[in-house]
Structure formats: structure tokens, C-alpha cells
Undergrad: 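One structure is given below, represented as C-alpha cells, and several questions about it will come after.
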Amino acid sequence: MVTFFEASLDTISVHHVGNQSQNEMYALSDTPLELQDDIIPNLLLQYFLKPFEKVNEVYHLMHSSGNLELNEIHHFTTEVFENKENFQRAAQDIARHLYNVSTHPNIKGGELYVVYFNKVQIEGNPLDCIGIFKSENKETYLKVYPDKGGFAVDYEQDAININKLDKGVLIFNIEKENGYKVVVIDKATGGQDAAVYWKDEFLQMKVRNDSYNQTSNTLGIYKNFVTQKLDDEFEMSKADKIDLLNRSMKYFKEKETFDLDEFSEEVISNPEAIASFKTFKSQYEEEFDTKIGDSFEISGNAVKKQARVYKSVLKLDKNFHIYIHGDNKLIEKGFDDDKSMNYYKVYFKEEA
């Protein structure tokens, strides 16, 4: 989704933002950071941009009122995209805005980096973008160096691991009227209440409703339908539920486009269950104000991600795990009266 082999770091501004509920303050730099050599910019490019190579979800900035101009980050970044001379002032405003929303007691203070990049690619399109990053977690590093014919050991406290970006966002200079194209990293810390501030309060974003998100949402809705809703209306064994999940994953892996009616007939089959699933999907769309099309192009990346959470394991007490990948007719459930225990009978042709 995001690549940076042609990217360059244009300007960087560093500030410190504390937690105002802990009576911590913020400290703003007056000028952009001066980088003296080529090594530091390259390290910073790796630190800031490499985590986004595996990010697939694209967002837009938004505001709850519907007036995009009231979104602070949209306003500040627009000032910079329209005139780069506004960069340092906008970076300071961004730091103040982050301080204003850092009110939960579990939010950690840290350094805030505002960066202007050139030629970062998103979806194959090289664009200027503004990156906003926050480092919250520090580590201690050992340093070993030659000394007096042998070696000596020293350490550095409160250092930053460039392989662990805590929080970051890239805002690309495209689709301004829709809230720009935005990708985000958020290694949440401090509990659920503290975790929402970066995406929901600081950035204020909504997911772009593209093929990736429609694929991901549909698979997620179907998984919840099978694991949570079906028990309310039908008697089903866990093996049958796993079979339904496996059939849905097979459909998404083999097809190029999703069609709701086709999927319902091929995967669910039962008319009453089909009607229940369509109602379940409609209720999700209404509750989360997210319209998912009845037909869309299937995203392979979304399928791979969802496949990790689609369980095909039947856990039997603490003694056995049965992995079900194929025909559920080859496994039968019964009850042994003598042992007063359930059992499964599994049919197979040969052992591997």
C-alpha cells in the first residue's frame, strides 16, 4: 500500500507533548530540526515510514458536524500543502492540538515529530505527504566498544527503538475535499479509554469504503453472524459452524468479486439462515453508518488478514484439538451412554 524507495525527508520539526491531566506541559521548538549528515535522515525514514508498508486500510479525515474545515489536522495540513512556509507554525499548532486532547490520565507524554516528505507512494502514486509521529516508550541500550586492548560496556537510557513506532499518521496531498488519503499506526497503550484518543480525538478519521474495507467488513460480519447469531435461531454443532466459516473463506479465496445472493446460496444455503444473515448485515450497516455493497471486488489482502482470525479448530476439553479444513460430513458427533461423554467419529482414508 505504502512504499518509500523514492521518498526523501524534506523538513522535520520536533516538540514534546505531556499529559495535561497529570499537570505536564508541552514544549515547542522554534525552528525545524537541522540534520547534519545523511545517516540520520535515512534512519528516520526507516523509523517513520517502514511500519506503513504493511498497512492496507486507508482513511479520510472527517468531523462529526459534517464540516471538514472544523477538523484541526485537516486545517493545519492544508495550510502547509498550500504554502510550505507555514510548516513550522502548523507543526506547533499540531502539537498544541495533541496536548489539548491528551486528557486521559493513562496517556503517556513523549516527543512529537511533524515531518514533510517528498515522493512517498500510496497505491502506486508518488505524493508529498505530512507525517505526524509520537514516541511514547523508551528503552535502555547497551553499547560495547574497544577499550585498552579489550572491551568496555556502557549504556544509554530513555533511547528510542527505531524498529518500534508507537503512533504515526501519513496524510497525503490528494483528495483534499474528501479529507485526504490517510494511513495510521497506533500501538495502543494505557487501556481502551486512553487508546481512542489518537484516532478518534486527535485525528478524527473515517475508513475509506473501498474493496479492502468492504471485504474485511463482510467477512467480519459473517464471522459474527455464524459464531454469535446462529445459536439464537438454529441448533448447530461447533463442527457445522466451522464448516460454514471454511466455506465462506473458500468463496472469498476463489472468487474475484463478491455477490451477496450468490454467496448466500453457495455458502449458507438455508433460506431462513440467508434471510437472517441479510438482516444481520443491514443492522450492522445501520448501527455503524457504513454501507457495504451487495457486490464488490474482493481484496486479497483483506482475505489474508481475516483468514488469521477465522478459526477452524474444534477444541475438546483439554485433551484434543481437531482441525477441520474440508467436508464436515466426514465428522460425526454422538453421545456414549456408558461413559456419559460426547464423542466425535472422524472418517479418513490414510494417515499423513
Side-chain angles (χ1 to χ4, degrees), residues 1-4 6-17 26-33 44-45 48-49 51-52 55-102 111-134 165 167-186 196-210 213 289:
M1 183 64 70
V2 174
T3 58
F4 60 99
E6 291 183 298
S8 61
L9 191 157
D10 185 298
T11 313
I12 177 171
S13 182
V14 185
H15 313 276
H16 182 86
V17 177
Y26 61 83
L28 305 179
S29 59
D30 295 326
T31 58
L33 186 67
L44 290 174
L45 281 173
F48 292 140
L49 298 183
F52 291 93
V55 173
N56 292 294
E57 288 181 297
V58 178
Y59 294 80
H60 293 302
L61 300 174
M62 53 81 72
H63 193 268
S64 57
S65 69
N67 185 353
L68 185 57
E69 293 181 0
L70 295 179
N71 181 296
E72 290 88 346
I73 298 301
H74 187 273
H75 174 74
F76 299 142
T77 52
T78 297
E79 286 187 327
V80 179
F81 286 140
E82 292 181 350
N83 185 351
K84 204 185 295 185
E85 291 184 1
N86 294 326
F87 175 81
Q88 185 64 18
R89 178 171 56 80
Q92 294 173 339
D93 289 336
I94 288 170
R96 292 189 187 96
H97 172 52
L98 179 60
Y99 181 75
N100 288 334
V101 300
S102 298
E111 284 70 47
L112 181 74
Y113 308 85
V114 182
V115 189
Y116 195 100
F117 296 102
N118 303 119
K119 292 186 177 180
V120 180
Q121 285 199 18
I122 181 169
E123 298 173 335
N125 192 8
L127 297 165
D128 286 0
C129 73
I130 294 172
I132 307 170
F133 313 93
K134 187 184 178 193
L165 179 64
K167 286 176 168 55
V169 61
L170 298 178
I171 303 163
F172 290 86
N173 191 10
I174 191 172
E175 298 185 15
K176 170 189 170 183
E177 66 283 356
N178 294 327
Y180 297 114
K181 284 185 179 181
V182 179
V183 289
V184 66
I185 296 286
D186 186 5
V196 299
Y197 87 100
W198 182 256
K199 289 182 178 179
D200 294 353
E201 298 176 26
F202 175 59
L203 297 171
Q204 299 182 75
M205 305 181 307
K206 62 179 179 181
V207 174
R208 186 181 66 171
N209 199 21
D210 57 7
N213 287 295
D289 192 23

Undergrad: For the CD atom on Glu69, are there more than 12 heavy atoms of other groups (residues, nucleotides or ligands in this structure) within a distance under 6.0 Å?
TA: no

Undergrad: With a 6.0 Å cut-off on the ring centroids, do Tyr180 and Phe81 count as close?
TA: yes

Undergrad: Looking only at non-hydrogen atoms, find the nearest pair between Phe202 and Trp198 and report the distance.
TA: CB-O, 3.4 Å

Undergrad: For Ile122 and Leu127, work out which heavy atoms get closest and say how close.
TA: CG2-CD1, 3.8 Å

Undergrad: Could you list the residues that satisfy side chain to side chain contact (heavy atoms under 4.5 Å, CB included) with Arg89, not counting sequence neighbours?
TA: Glu79, Asn86, Asp93

Undergrad: To the closest 0.5 Å, what do you measure between NE2 (His63) and NE2 (His75)?
TA: 12.5 Å

Undergrad: Under the rule for side chain to side chain donor-acceptor pair (under 3.5 Å), what residues qualify as partners of Tyr26, not counting sequence neighbours?
TA: none

Undergrad: Check step by step if side chain to side chain contact (heavy atoms under 4.5 Å, CB included) holds for Ile12 and Val14.
TA: CA-CA 7 Å; Ile12 177 171; Val14 185; 4.3 Å; yes

Undergrad: For Ser8, what residues pass the side chain to side chain contact (heavy atoms under 4.5 Å, CB included) criterion, not counting sequence neighbours?
TA: Asn118

Undergrad: To the closest 0.5 Å, what do you measure between CG (Asp10) and CG (Asp128)?
TA: 7.5 Å

Undergrad: Is there a donor-acceptor contact under 3.5 Å from the side chain of Gln88 to the main chain of Ser29?
TA: yes

Undergrad: Checking Ala91 now: which residues fulfil side chain to side chain contact (heavy atoms under 4.5 Å, CB included) with it, not counting sequence neighbours?
TA: Ser13, His15, Val114

Undergrad: Find the distance between CG (Leu44) and CG (Leu49) and round it off to the nearest 0.5 Å.
TA: 9.5 Å

Undergrad: Please name all residues satisfying ring-ring contact (aromatic ring centres under 6.0 Å, His included) with Phe76, sequence neighbours left out, ordered by chain then number.
TA: none

Undergrad: What pairs with Glu57 under side chain to side chain donor-acceptor pair (under 3.5 Å), at least two apart in sequence or on another chain?
TA: none

Undergrad: Roughly how far, to the nearest 0.5 Å, is NE2 of His60 from CG of Leu203?
TA: 14.5 Å

Undergrad: Excluding sequence neighbours, so at least two apart, what forms side chain to side chain donor-acceptor pair (under 3.5 Å) with Asn100?
TA: none

Undergrad: Are Val115 and Phe48 side-chain neighbours, meaning at least one heavy-atom pair lies under 4.5 Å?
TA: yes

Undergrad: For residues 168-176, which side-chain N or O atoms pair as donor and acceptor with protein atoms under 3.5 Å away, sequence neighbours left out?
TA:
unit_1	atom_1	unit_2	atom_2	d
Lys176	NZ	Glu82	OE2	3.0

Undergrad: What closest approach, in Å, do Met62 and Leu68 show between heavy atoms, and which atom pair accounts for it?
TA: CA-CD1, 3.8 Å

Undergrad: Decide yes or no on side chain to side chain contact (heavy atoms under 4.5 Å, CB included) for Val184 and Tyr59, but give the supporting numbers first.
TA: CA-CA 8 Å; Val184 66; Tyr59 294 80; 3.7 Å; yes

Undergrad: Check whether any side-chain heavy atom of Val2 lies under 4.5 Å from a side-chain heavy atom of Gln121, and answer yes or no.
TA: no

Undergrad: Please list all pairs meeting salt bridge (charged side-chain N to carboxylate O under 4.0 Å, His left out) that have one or both residues in residues 113-124, counting only residues at least two apart or in different chains.
TA: Glu123-Lys181, Glu123-Arg208

Undergrad: Looking at every heavy atom in both Ala95 and Leu28, which two are closest together, and how far apart are they?
TA: CB-CD2, 3.6 Å

Undergrad: Check whether any side-chain heavy atom of Leu98 sits under 4.5 Å from a side-chain heavy atom of Leu112, and report yes or no.
TA: yes

Undergrad: List the residues meeting ring-ring contact (aromatic ring centres under 6.0 Å, His included) with Phe87, not counting sequence neighbours, and say none if there are none.
TA: none

Undergrad: Indicate yes or no: does Asp186 engage Lys199 in a salt bridge with an N to O separation below 4.0 Å.
TA: no

Undergrad: Let me confirm one number: the SG-CZ distance from Cys129 to Phe52, rounded to the nearest 0.5 Å.
TA: 8.5 Å

Undergrad: For residues Pro32 and Thr11, report the shortest heavy-atom separation together with the two atoms involved.
TA: CB-CG2, 3.7 Å

Undergrad: A side-chain contact here means heavy atoms from C-beta on lying under 4.5 Å apart; do Ile185 and Lys167 qualify?
TA: no

Undergrad: Looking at Glu177, I'd like to know if its CD atom is crowded, meaning that more than 12 non-hydrogen atoms belonging to other residues, nucleotides or ligands lie closer than 6.0 Å.
TA: yes

Undergrad: What residues form a side chain to side chain contact (heavy atoms under 4.5 Å, CB included) with Ser64, not counting sequence neighbours?
TA: none

Undergrad: What are the two closest non-hydrogen atoms of Asn71 and Ile73, and how far apart are they?
TA: OD1-N, 3.0 Å

Undergrad: Name all residues meeting the side chain to side chain donor-acceptor pair (under 3.5 Å) criterion together with Gln204; count only those two or more places apart in sequence or in a different chain, and write none if there are none.
TA: Glu72

